[in-house]
Q: 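Below is the structure I would like to discuss, written out as structure tokens.
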2 protein chains.
Amino acid sequence: MTSPRASRAEATRALILDAAERLFAERGVLAVSNRQIGEAAGQGNTAVVGYHFGAKEDLVRAVVRRHTSRIEGLRAEALAATEGSSEVRAWVGCLVRPLTGHLDAVGPPTWFARFHAQLTTEPAYREIVTQESLGSPALLATVDGLNRCLPDLPAAVRLERGDMTRLLMVHVCAERERALAEGTPTPRTTWDATATGLVDAIVGLWLAPAAPTPTRGDRA
Amino acid sequence: MTSPRASRAEATRALILDAAERLFAERGVLAVSNRQIGEAAGQGNTAVVGYHFGAKEDLVRAVVRRHTSRIEGLRAEALAATEGSSEVRAWVGCLVRPLTGHLDAVGPPTWFARFHAQLTTEPAYREIVTQESLGSPALLATVDGLNRCLPDLPAAVRLERGDMTRLLMVHVCAERERALAEGTPTPRTTWDATATGLVDAIVGLWLAPAAPTPTRGDRA
DNA sequence: CTCTAAATCAACCGCTTGATTGAGTCACCG
DNA sequence: CGGTGACTCAATCAAGCGGTTGATTTAGAG
């Protein structure tokens with residue numbers, strides 16, 4: 001594939017990414033130092049991470065990208081199969097199932113969902129995951145398709161429920177992943193069933209009538 | 001009120017709690033040191049925080065408790081007004097409005113919602129907020145009342161949607177708070193309107209039909 | 001076989017952290 | 001009015017941090 005010379009570097013890069021992802025999910029992104037990651041990756045050197053990735057932000061971005069690229073691919077497939085539909089449920093599935101499907105394909109154990117949920121609440125890293133996720137053309141197209149199914153919804157409510165959908169996807173998966181890691185009970189037995197539960201709920205959320213409150217789209 | 005001797009200590013304790021809450025929300029719980037908090041609280045001493053609160057975990061718990069106790073009070077009031085109802089919407093409001101009402105009463109600017117959202121995703125502090133929140137009797141009674149309105153829902157789906165409700169409450173408020181702090185647009189103009197939007201969506205979520213997937217309540 | 005450059009390692013720098021310690025300050029109590 | 005104890009301060013400690021530097025290993029290129 002790549003230059004034969006770079007294969008060793010590529011291998012350690014992968015080791016570092018694996019270790020970083022695991023430690024980030026288990027202990028928290030900010031609680032883990034580059035040194036600890038390098039050590040967990042089996043590298044005796046304290047500077048490996050800096051050598052291969054630079055600052056911690058770049059490492060975080062690399063870990064994120066490794067997953068979002070694959071999820072993006074799955075979503076593009078789902079999008080192609082859904083194009084033209086006017087079923088809310090189909091479009092919501094197109095949002096949810098690439099994520100759950102990816103987690104199913106990777107693990108167990110998986111760490112990405114917890115890691116991802118952390119990033120969205122951490123002020124220092126929030127922007128990274130926002131950029132990486134919302135830059136996805138397949139995602140935007142899906143949201144667009146969903147909106148076309150619900151032409152009567154006020155713009156503000158659409159934004160609001162879009163946010164809610166995103167929050168639910170990320171955090172429900174993170175909670176399930178955490179429960180799996182800790183061995184505590186989960187409401188659903190598989191990622192596929194989790195997706196079904198999520199889709200049920202999110203469809204209900206979108207189809208709910210909006211109470212007759214004035215909802216202007218401006219800032220408060 | 002308290003012992004006259006302790007009034008000075010009480011004042012600095014409050015200063016520290018204020019500073020801690022703000023810094024935690026703005027920069028992240030783990031990214032802020034006790035020294036920075038003490039300094040931001042106007043205390044020249046580097047050891048103030050340790051002196052008054054001990055470890056960082058105790059400080060975090062104190063900040064959480066200051067808010068949850070008030071929210072708990074509001075929820076007890078709402079609960080009293082809702083008792084006996086069989087309206088899903090009333091019970092959901094009983095979950096949501098104490099939180100939004102508290103945020104409305106405190107700020108702006110508020111920091112608690114972002115801080116709280118962070119804690120739920122941070123492995124090191126997750127348990128604290130779980131204990132503080134789920135130990136609330138008013139909350140449990142409200143969940144109970146909600147469940148009585150929906151007797152036909154499978155147990156697993158009830159758990160699942162309870163989780164989703166909690167996630168939406170916390171993170172929607174956190175996102176709005178963040179938008180307010182940054183001056184970016186928000187879907188709703190007031191906390192009260194935000195509560196209405198949340199209630200609309202959560203009611204829809206609970207009333208949504210559960211797809212005929214086998215949903216056993218055991219662990220995966 | 002030698003050269004060369006990427007990759008790894010080991011040591012180090014300045015800085016910040018949590019924690020401890022002992023001196024100083026202040027308000028109340030007797 | 002002097003004592004006492006709670007509170008604040010300043011100084012200090014070892015440990016860990018990110019980042020840099022130069023030596024060492026290693027494997028393909030010439």
Side-chain angles (χ1 to χ4, degrees), chain A residues 1-24 26-63 118-119 122-125 127-128, chain B residues 1-63 118-119 122-125 128:
Chain A
M1 313 287 173
T2 61
S3 153
R5 195 61 158 283
S7 68
R8 184 161 48 129
E10 207 54 45
T12 52
R13 268 183 64 103
L15 282 174
I16 291 172
L17 286 176
D18 288 340
E21 184 178 320
R22 196 188 84 235
L23 291 180
F24 285 162
E26 287 177 349
R27 303 190 205 163
V29 180
L30 278 154
V32 175
S33 69
N34 283 356
R35 286 163 127 90
Q36 293 171 333
I37 294 169
E39 196 177 354
Q43 307 295 309
N45 184 7
T46 60
V48 204
V49 176
Y51 177 80
H52 283 285
F53 292 94
K56 192 160 174 179
E57 180 178 319
D58 302 309
L59 174 60
V60 169
R61 185 171 276 116
V63 175
Q118 255 182 71
L119 291 186
E122 202 74 48
Y125 293 109
E127 264 186 65
I128 293 179
Chain B
M1 308 287 179
T2 61
S3 153
R5 196 61 159 283
S7 66
R8 183 161 49 127
E10 206 54 45
T12 51
R13 268 182 65 102
L15 282 174
I16 291 172
L17 285 176
D18 287 341
E21 184 178 321
R22 196 188 85 234
L23 291 180
F24 285 162
E26 287 178 349
R27 304 189 204 165
V29 180
L30 278 154
V32 175
S33 68
N34 284 356
R35 284 164 127 91
Q36 293 171 333
I37 294 169
E39 196 178 353
Q43 307 296 308
N45 184 5
T46 62
V48 204
V49 175
Y51 178 80
H52 283 284
F53 291 95
K56 191 157 170 181
E57 180 177 320
D58 302 309
L59 173 60
V60 169
R61 184 172 276 113
V63 175
Q118 256 182 71
L119 291 184
E122 202 75 46
Y125 294 109
I128 293 178

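So that the names make sense, note that chain A is the first sequence line, chain B the second, and so on, each numbered from 1. Just so we're clear, the structure is a prediction, and the values are computed from it rather than from any experiment.
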Q: Round to a whole Å and report the spacing from CD of A/Gln43 to P of C/dA10.
A: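 Spelled out: CD on A/Gln43 to P on C/dA10 is 11 Å.
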
Q: Starting at CZ of B/Arg27, measure out to CZ of B/Arg22 and round the result to the nearest 0.5 Å.
A: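 Spacing of CZ (B/Arg27) from CZ (B/Arg22) equals 7.5 Å.
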
Q: Determine yes or no for a side-chain-to-main-chain donor-acceptor pair under 3.5 angstrom, with B/Glu122 supplying the side chain and B/Val29 the backbone.
A: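 Judged by distance alone, no pair lies under 3.5 Å.
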
Q: Tell me if the CD atom of B/Glu39 is crowded by more than 12 foreign heavy atoms within 6.0 Å.
A: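 12 or below, so no.
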
Q: So does A/Thr12 get a side-chain nitrogen or oxygen closer than 4.0 Å to the phosphate oxygens (OP1/OP2) of C/dA7?
A: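 So the side chain of A/Thr12 is outside the cut-off, no N or O lying under 4.0 Å from OP1 or OP2 of C/dA7.
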
Q: Please state how far atom CD1 in A/Ile16 lies from atom P in C/dC9, giving the value in whole angstrom units.
A: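 Atom CD1 in A/Ile16 sits about 10 Å away from atom P in C/dC9.
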
Q: Give a yes or no on whether the backbone of B/Ala55 and the side-chain of B/Asp58 come within a donor-acceptor separation of less than 3.5 Å.
A: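 Side chain of B/Asp58 to backbone of B/Ala55: a pair is present.
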
Q: Respond yes when some side-chain nitrogen or oxygen of B/His52 is under 4.0 Å from OP1 or OP2 of D/dA6, and no when none is.
A: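 Negative; the distance criterion is not met.
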
Q: Looking at B/Tyr51, does any N or O in its side chain come under 4.0 Å of the phosphate oxygens OP1/OP2 on D/dT8?
A: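 For B/Tyr51, the contact criterion (side-chain N or O under 4.0 Å from OP1 or OP2 of D/dT8) is not met.
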
Q: When every nucleotide of nucleotides 16-23 of chain D is labelled 5' to 3' by its protein contacts under 4.0 Å (heavy atoms), B for base, S for sugar-phosphate only, - for none, what sequence of letters results?
A: -BBBB---

Q: Rounding to a whole Å, what distance do you find between B/Glu39:CD and D/dA10:P?
A: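 Atom-to-atom, B/Glu39 to D/dA10, this comes out as 12 Å.
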
Q: Just wondering, more than 12 heavy atoms not from A/Glu26 lying within 6.0 Å of its CD?
A: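 Count over threshold, so yes.
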
Q: Could you tell me the separation between the OG1 atom of A/Thr12 and the CG atom of A/Leu17, rounded to the nearest 0.5 Å?
A: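 Nearest 0.5 Å value for the OG1-CG distance: 9.5 Å.
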
Q: B/Arg13 CZ to D/dT8 C1': how many Å, rounded?
A: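 Rounded to the whole Å, the gap is 16 Å.
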
Q: Write down the distance between CG (B/Leu30) and P (C/dT16), rounded to a whole number of angstrom.
A: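 To the nearest whole Å, that distance equals 19 Å.
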
